[in-house]
Amino acid sequence: MDIGVISVRYARALLKSAEEAKLEAQVYAEMQTLADSYLRVPELRFTIDNPMLAKDKKESLLIAASGEAIAGKSAPRKVTELTKRFIRLVLQEGRENALQFMANSYITLYRQQKNIIRGRLITAAAVSAATEQKLRQMVESKTQGTVEFQTEVNPDIIGGFILEYGTYRMDASVKNKLKSIRTELKK
């Protein structure tokens with residue numbers, strides 16, 4: 001069976017269970033942390049896919065990758081029991097090779113259900129919280145949804161900003177303006 005189909009089925013089941021337990025927001029945060037762990041630590045995938053590593057070691061590793069703090073390392077943070085049971089089930093069924101896709105599928109399904117749009121604001125210098133909030137409100141009014149906003153400072157754009165959300169991109173950067181002037185002058 002296709003890995004995409006499998007991951008979506010598991011993610012749907014997790015979302016349904018999370019809704020019933022009223023834990024969908026916490027599980028969403030844990031799946032984001034898990035997906036981010038896979039991106040930040042490429043060795044995680046190889047370690048989890050290793051058939052020589054015991055299932056209990058994989059479980060501990062995946063729970064930590066989902067955000068549970070290791071005793072003595074930081075403030076105590078616990079992963080929900082639902083996420084722990086989900087990880088156990090995935091390992092029991094031998095589907096750990098699709099866990100990264102399951103986490104991403106859960107994130108996508110959750111965002112669709114809650115009408116959450118990802119937005120990104122790139123500026124040449126840091127912007128004030130008020131400016132960021134104003135742009136967030138503008139995007140929310142246009143999309144009729146909630147916006148998860150990520151800000152990024154990139155001095156290479158020289159000035160102005162780049163705003164992205166959904167399939168929309170507005171490039172009001174000085175770098176882009178200079179590029180278009182240069183293109184016009186070449187004609």
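Taking OG of Ser37 as the reference point, atom CZ of Arg40 lies at 8.5 Å (rounded to 0.5 Å). Distance OH/Tyr106 to CZ/Arg12: 13.5 Å, rounded to 0.5 Å. Here the CZ-CG distance, from Arg9 to Asp2, works out to 10.0 Å after rounding to the nearest 0.5 Å. Taking CG of Leu135 as the start and OG1 of Thr151 as the end, the distance is 10.5 Å to the nearest 0.5 Å. Distance check: Ile117 CD1 to Arg136 CZ gives 12.0 Å after rounding to the nearest 0.5 Å. Separating the CG atom in Leu62 from the CD atom in Gln100 is a distance of 11.0 Å, to the nearest 0.5 Å.
Checked by atom type and distance alone, the side chain of Glu140 never pairs as donor or acceptor with a backbone atom of Thr146 at under 3.5 Å. The main-chain N or O of Arg111 is never found under 3.5 Å from a side-chain atom of Asn115 such that the two would form a donor-acceptor pair. Checked by atom type and distance alone, the side chain of Lys58 pairs as donor or acceptor with a backbone atom of Ile48 at under 3.5 Å. Formation of a donor-acceptor pair under 3.5 Å by the Lys186 side chain with backbone atoms of Ile181 is not found in this model. In this structure, Gln150 contributes its side chain and Arg120 its backbone to no donor-acceptor pair below 3.5 Å.
Across all non-hydrogen atoms, the minimal contact from Ser173 to Ile162 is CB-CG1, 4.2 Å. The two residues Asp156 and Lys175 have their closest heavy-atom pair at O-CD, 3.4 Å. The two atoms that bring Met138 and Ser141 nearest to each other are O-OG, 2.8 Å, heavy atoms only. Smallest separation of non-hydrogen atoms from Ala18 and Val27: CB-CG2, 4.1 Å. Taking each heavy atom of Glu148 and Ile116 in turn, the nearest pair found is CG-CG2, 3.5 Å. In this structure, Ser105 and Ser7 approach most closely via the heavy-atom pair OG-OG, 3.4 Å.
Counting only residues at least two apart or on different chains, the ring pair (Phe, Tyr, Trp, His ring centres under 6.0 Å) pairs with a member in residues 110-163 are Tyr28-Tyr110.
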Check your understanding: Is there a side-chain contact (heavy atoms from CB on, under 4.5 Å) between Leu34 and Ser66 once you walk through the steps?
Key -> CA-CA 4 Å; Leu34 180 60; Ser66 298; 3.9 Å; yes
Practice item. Starting from the C-alpha separation in whole Å, work towards a yes-or-no answer on side-chain contact (heavy atoms from CB on, under 4.5 Å) for Leu15 and Glu19. Key: CA-CA 6 Å; Leu15 183 58; Glu19 286 172 343; 4.1 Å; yes
**Study point:** Candidate pair Thr143 and Tyr165, rule side-chain contact (heavy atoms from CB on, under 4.5 Å), full reasoning
**Key:** CA-CA 9 Å; Thr143 61; Tyr165 63 90; 3.5 Å; yes
Exercise for review: With salt bridge (charged side-chain N to carboxylate O under 4.0 Å, His left out) as the test, would you mind laying out the steps for Arg88 and Glu81 before giving the verdict?
Suggested key: CA-CA 11 Å; Arg88 272 186 228 112; Glu81 198 55 43; 3.6 Å; yes
Point to revise | side-chain contact (heavy atoms from CB on, under 4.5 Å) assessment of Glu164 paired with Met170 | key: CA-CA 6 Å; Glu164 301 172 335; Met170 182 166 98; over 6 Å; no
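Taking hydrophobic clusters as Ile, Leu, Val, Met, Phe, Trp and Tyr residues chained together by side-chain heavy-atom distances below 4.5 Å, Val153 does not share a cluster with Ile157. Hydrophobic cluster membership differs between Ile122 and Val147, with clusters built from Ile, Leu, Val, Met, Phe, Trp and Tyr side chains linked at under 4.5 angstrom. Both Leu99 and Leu91 are members of a single hydrophobic cluster when ILVMFWY side chains are connected at heavy-atom separations under 4.5 Å. Both Val41 and Ile87 belong to a common hydrophobic cluster when Ile, Leu, Val, Met, Phe, Trp and Tyr are linked at side-chain heavy-atom distances under 4.5 angstrom. Tyr10 and Val8 fall into different hydrophobic clusters, where Ile, Leu, Val, Met, Phe, Trp and Tyr are joined by side-chain heavy atoms under 4.5 Å apart, directly or via other members.
More than 12 heavy-atom neighbours from other residues, nucleotides or ligands sit within 6.0 angstrom of NZ on Lys84. Residue Lys134 places its NZ atom among 12 or fewer non-hydrogen atoms of other residues, nucleotides or ligands, all under 6.0 Å distant. More than 12 non-hydrogen atoms from other residues, nucleotides or ligands lie less than 6.0 angstrom from NZ of Lys55.
A donor and an acceptor atom, one from each side chain of Thr83 and Glu30, are located under 3.5 Å apart. For Ser128 and Thr131, the side-chain atoms include at least one donor-acceptor pair closer than 3.5 Å.
Residue Ile107 is tested with Met102, Arg118, Met31 for a side chain to side chain contact (heavy atoms under 4.5 Å, CB included); the sole match is Met31.
Taking the salt bridge (Lys or Arg N to Asp or Glu O under 4.0 Å) definition, one finds that Arg85 meets it with nothing, sequence neighbours left out.
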